[in-house]
Amino acid sequence: MKRPLFIANWKMHKTAAETQLFARQFEKPEAFSCGVVVCAPFTALHAIAPTWFGLGAQNFYPQDQGAFTGEISLPMLKELGVQYVITGHSERRQLFHESDEWVAKKYHYAARHGMTPVLCLGEPETVRLADNAQAYCALQLEAVFGKTDKQNLPATIIVAYEPVWAIGSGQTATPEDAQEMCGHLRKALASWIGEAAAQEALFLYGGSVKPENIETFMQQPDIDGALVGGASLEAADFTELIQKGCSAGG
Ligand code: PGA
């Protein structure tokens, strides 16, 4: 039985002091059996000790050390207790020009180094309007899993489907569209890594997820959790969201 997973992506929000405050307010919900991960900014990671939830980073550079001014390596993150790293978020693809190839390189680098990568993908609005979203997202998935050596896969495969137009916009995909996409991507994944591994993979939905809409997403058979931006910034909101999502999907 898969455990639903809720990941907070704080983006460029919260100082270390604000993070400490969040950590004090963020208590484990009662009778709680889901996975939770908080992806804080680099400078706040030391301020949040992972306990009942996991710690994630939003980015890293795929080398252990070297002349890469301004970059952060996995050994640096591991030292702070980080177990998860986001790869392929649409903001990094768009604002920092990260290509499918670069995302795949980072994904496999993280997996080889014992981290759990969270692969994000999703279509821009023009692609959705042209009715081409499934093919577009399947190509993003193929770039990572299409030619992969199964031995190099992480123990837990996590794919977050985040339509670009839904991120931070207050507009979500319909639960039915998100289900259709995640079901399609799971099938595609099965064709590369096998049915059993694809069934075990966690597909998350992301894009304006809130306590008010999480349940309808979690009721979909191929949606195993959520990647949450804005609604993860306040401990009370995020707690309510994971509590509702966990009971709806459990
Ligand atoms: P949002 O962000 O929940 O604020 O839409 C989600 C994300 O970018 O991961």
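We count ligands from 1, going down the list as the structure has it; atoms in each ligand are counted the same way. The first residue of the sequence shown is numbered 1, and numbering continues consecutively from there.
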Just distances here: any N/O of Gly206 and N/O of ligand 1 closer than 3.5 Å?
no

Looking just at side-chain N and O atoms, do Asn152 and Tyr107 make a donor-acceptor pair shorter than 3.5 Å?
no

Mutual orientation of the aromatic rings belonging to Phe26 and Trp52 [parallel < 30°, tilted 30-60°, perpendicular > 60°]:
tilted

If you measure from each heavy atom of Lys210 to ligand 1, is any distance below 4.0 Å?
no

Numbering as shown, the atoms of ligand 1 that approach His89 to under 4.0 Å (heavy-atom distance):
7 (C), 8 (O), 9 (O)

Out of curiosity, is Gly168 lining ligand 1, as in a heavy atom under 4.0 Å away?
yes

Close N or O approach (Gly230, ligand 1; < 3.5 Å):
yes

So that I can tick it off, tell me whether Arg3 and Asp224 are bridged by a salt bridge, with the cut-off set at under 4.0 angstrom between side-chain N and carboxylate O.
no

Does Ala231 reach ligand 1, in the sense of a heavy atom lying below 4.0 Å from it?
no

Taking the six-membered ring for Trp, are Trp10 and Phe42 ring centroids under 6.0 Å apart?
no

Counting from 1 in the order shown, the ligand 1 atoms closer than 4.0 Å to a non-hydrogen atom of Leu227 are 9 (O)

Measure up the Phe238 and Phe22 rings against each other and bin them: parallel (under 30°), tilted (30 to 60°), perpendicular (over 60°).
tilted

Note: Ile167, heavy atoms under 4.0 Å from ligand 1, region reported as both

Going through the checks in order, is the salt bridge (Lys or Arg N to Asp or Glu O under 4.0 Å) test met by Lys244 and Glu240?
CA-CA 6 Å; Lys244 285 187 170 164; Glu240 185 186 347; 3.0 Å; yes

Geometric N/O contact Ser169 with ligand 1, under 3.5 angstrom
no

Numbered atoms and elements of ligand 1 in range of Gly207, under 4.0 angstrom, heavy atoms
5 (O)

